Number of protein chains: 2
Amino acid sequence: MSAKSAETIPDIVIGRLPLYLRALRRLQQDDKQVTSSQELGKRLDISSAQIRKDLSHFGGFGKQGTGYQIEFLIERLQDVLQVNQDWSVVVVGAGNLGIAISHYRGFQDRGFSIADVFDISPEKIGQRIGNYVVQPVGSMAEAIHDKGIKIAMLAVPAEDAQSVADQLVEAGVRAILNYAPININVPDHVQIQYIDPVTHLQRMTYYLEA
Amino acid sequence: MSAKSAETIPDIVIGRLPLYLRALRRLQQDDKQVTSSQELGKRLDISSAQIRKDLSHFGGFGKQGTGYQIEFLIERLQDVLQVNQDWSVVVVGAGNLGIAISHYRGFQDRGFSIADVFDISPEKIGQRIGNYVVQPVGSMAEAIHDKGIKIAMLAVPAEDAQSVADQLVEAGVRAILNYAPININVPDHVQIQYIDPVTHLQRMTYYLEA
DNA sequence: TTGAGTTTGTGAAAGTTTCAACAATATTCA
DNA sequence: TGAATATTGTTGAAACTTTCACAAACTCAA
């Protein structure tokens, strides 16, 4: 019943909230008004008890006998995750991957806008990618500082990832989504997440019959 | 000391093996011969005890007082994950994302080769993407069957993802890496993994100061 | 050869996460 | 209205995961 804002919420719970949010928005698109932990759980392949417990960390969002008002729950989750605002993000690296990221339409309506795209290579600089013009890495720190940017997506070669990450942190970035297939060390006050499709593929091949 | 091949290895352990493998290959590129659980742990931000325990599930790969022979450990992990062979993979969806995936050079030397790229839209079919020519989805099942393909990467719009996944499973695919921002239901004998950068970003914004 | 210094593999303890079950409350419909 | 049905939030137990701590085994230098 009560919001337990004093305690620390387990990170694993936080990690599921974006999945709930994504599923809820889809239900909303299908013109549904109300859902239940059971329905949501079925879609997400997560137990209904888990979903109720996760949500209960933030207060009583549901109604016994009825379930959850989708619109209301979406708003609450957006508040919790702080995606009820728009975050400006920079992309570093304008190779194939950086270009694909910069073209991706899916960030906008989920809380993120790409502000600038940077690259180190002279032949990339000045190149147009959609609405962006590739900027030199040399001007990155200033742009991040001036625009108060806190989030970066890193799409540079693995060899350069640590050094670029260091520069980003130095410039004030507090969250990095790293697409380079290498681990990066950042200070405790900086968030880091990884995207490496090959690790997912390798995790699956373990279970395949040869 | 002993390989406990009879018991089931926790999936969470399997999920870390690709990270170990990735870090080891990087150490190898730096011409290192030997490493320790401590060194690896420092790079990966995982405790050394965790790494030793994970590896011990598969047998004693290390030597007391010395550590792990990098080349040997890489081979063992590749065996365990079944990436000591090359897996043929199909890409479905030839939009921005599918094109970026098809161009990505990073699959090849980690155990995966793209065999074919499919799309449903007539204006995409026949289009060249690097070494591939986009094939119609109509011919997908036959190609998958004939080539014995077990793995697919899904880069279609969210609306189409479930239906395409169903077709893939029907055609014999046993592992799907889904880039569409939606949950998909597959039978128990089919592996599924997700890539949705926005969920990672939203997980990080929770921790940022507004 | 001996002793100091490493590092593994592992059993037991501590910590974390999931799940089952149920009282409380709401809805529906006869 | 009242019985049948649905669904939440929560408790406590079960399951799972990580960490601790140490004997055993190896290296190296004196």
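Owing to the predicted nature of the structure, the values given are computational and were not obtained by experimental measurement. Chain A is the first sequence line, chain B the second, and so forth, proteins listed ahead of strands; every chain is numbered from 1.
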Given DNA chain C, 5'-ward residue of the pair Thr35(B) and Lys53(B), judged by closest heavy atom: Thr35(B)

Lys/Arg N to Asp/Glu carboxylate O, Asp11(A) vs Arg16(A), below 4.0 Å: no

Presence of salt bridge, Glu142(A) and Lys147(A), under 4.0 angstrom: no

Integer-rounded Å distance: dC19(C) C1' and Leu55(A) CG: 16 Å

Spacing of Leu73(A) atom CG relative to dT8(D) atom P, expressed in whole Å: 11 Å

Selected nucleotide, minimal atom distance to Ser36(B) side chain, candidates dT7(C), dG9(C), dA20(C): dT7(C)

Glu209(A) atom CD, neighbour heavy-atom count above 12 within 6.0 Å: no

Axial cation check for Phe72(B) ring with Arg76(B), 6.0 Å and 45° limits: yes

Distance test, side-chain N/O of Tyr68(B) to OP1/OP2 of dT6(C), below 4.0 Å: no

With sequence neighbours excluded, residues passing side chain to side chain contact (heavy atoms under 4.5 Å, CB included) with Gln28(A): Ile70(A), Glu71(A), Ile74(A)

Please enumerate all protein N or O atoms sitting under 3.5 Å from an N or O of nucleotides 13-16 of chain D, with distances to 0.1 Å.
none

Spacing of CD1 belonging to Ile149(A) relative to OG belonging to Ser113(A), to within rounding of 0.5 Å: 10.0 Å

dT7(D) OP1/OP2 closer than 4.0 Å to side-chain N/O of Ser37(A): no

Closest contact, heavy atoms only, Arg174(A) versus Val169(A): NH1-O, 3.5 Å

Euclidean distance, atom CD1 of residue Ile46(A) to atom P of dC19(C) [Å, nearest integer]: 10 Å

Distance, rounded to the nearest Å, where Glu39(A) contributes CD and dA6(D) contributes P: 14 Å

Arg16(A) CZ - dT17(C) P separation (whole Å): 9 Å

Gln50(B) CD - dT18(D) P separation (whole Å): 4 Å

Flag, side chain of Tyr132(A) to backbone of Ile114(A), donor-acceptor distance under 3.5 Å: yes

Euclidean distance, atom CG of residue Asp11(B) to atom C1' of dT17(C) [Å, nearest integer]: 15 Å

Whole-Å distance separating the CZ atom of Phe72(B) from the C1' atom of dT8(C): 14 Å

Phosphate OP1/OP2 of dT19(D): any Ser47(B) side-chain N/O under 4.0 Å: yes

Geometric class of the Phe107(B)/Tyr104(B) ring pair [parallel <30°, tilted 30-60°, perpendicular >60°]: perpendicular

Sugar-phosphate or base contact per nucleotide [nucleotides 22-30 of chain C; S, B, -; heavy atom under 4.0 Å]: --BBBS---

